[in-house]
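Taking it in order: structure first as structure tokens, then the write-up.
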Amino acid sequence: MFKVEIDSHKLMAKYDDRLERAQAFLDSEVLRQSRPYVPFRTGMLVNTALVERPGKIVYVQPYAKAQYYGQDFNFTLTHHPNAGPKWTERAKAVHLPAWQSGVERILQGGNA
């Protein structure tokens, strides 16, 4: 007979770190790869977006919600030819496999 002891605190710390890094990677990629789809006139909407907390990206301009849902559009396609409503969903349609593989690599102990 033998006894196995596992220090769960060390194990959880290891995975907590990986989860934090994976979430930070995902937040950063969603923010970065959504940029070409964000309506652009002066750049205020896209340039003031931020990660408010892990898993939550916020576009802080007061007109962001209307733009996201396609109401009261007032922008050109000069700077962002692919701009339009629901930009994070549109970026997700294109980049989801890359986001998933980056998260998986981090969770397995590698780099994205």
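This chain uses plain numbering: 1 for the first residue, then up along the sequence.
Not a single donor-acceptor pair under 3.5 Å links the side chain of S34 to the backbone N or O of L31. Judged by distance alone, with hydrogens and angles left aside, the side-chain atoms of R105 form no donor-acceptor pair with the main-chain N or O of Q100 at under 3.5 Å. Using modelled atom types, no side-chain atom of D27 and backbone atom of V51 make a donor-acceptor pair closer than 3.5 Å.
Of all heavy-atom pairs between Q33 and A91, the closest is O-CB, 3.5 Å. The two residues V46 and V38 make their nearest non-hydrogen contact at CB-CG1, 3.9 Å. Looking at every heavy atom in both residues, P85 comes nearest to R90 through O-CD, 3.0 Å.
In summary, the side chains of N47 and R35 do present a donor paired with an acceptor at a separation below 3.5 Å, with no hydrogens or angles considered. Checked by atom type, the side-chain pair T88/Y37 shows no donor-acceptor distance below 3.5 Å. Between the side chains of W87 and Q67, no donor N or O sits under 3.5 Å from an acceptor N or O.
Between Y63 and M44, some side-chain heavy-atom pair lies under the 4.5 Å cut-off. Looking at heavy atoms from C-beta onward, T76 lies out of side-chain contact with F40 at the 4.5 angstrom threshold. For the pair T48 and Y59, the minimum side-chain heavy-atom distance is 4.5 Å or more. Contact annotation: the side chain of I57 never approaches that of L50 to less than 4.5 Å [non-hydrogen atoms, C-beta and beyond]. Residues V60 and E52 form no side-chain contact, since every pair of their non-hydrogen atoms from C-beta on lies 4.5 Å or further apart.
In this structure, V58 is not a member of the same hydrophobic cluster as L45, with clusters built from ILVMFWY side-chain heavy atoms closer than 4.5 Å.
How far CZ of R21 is from CD1 of I106: 6.0 Å, rounded to the nearest 0.5 Å.
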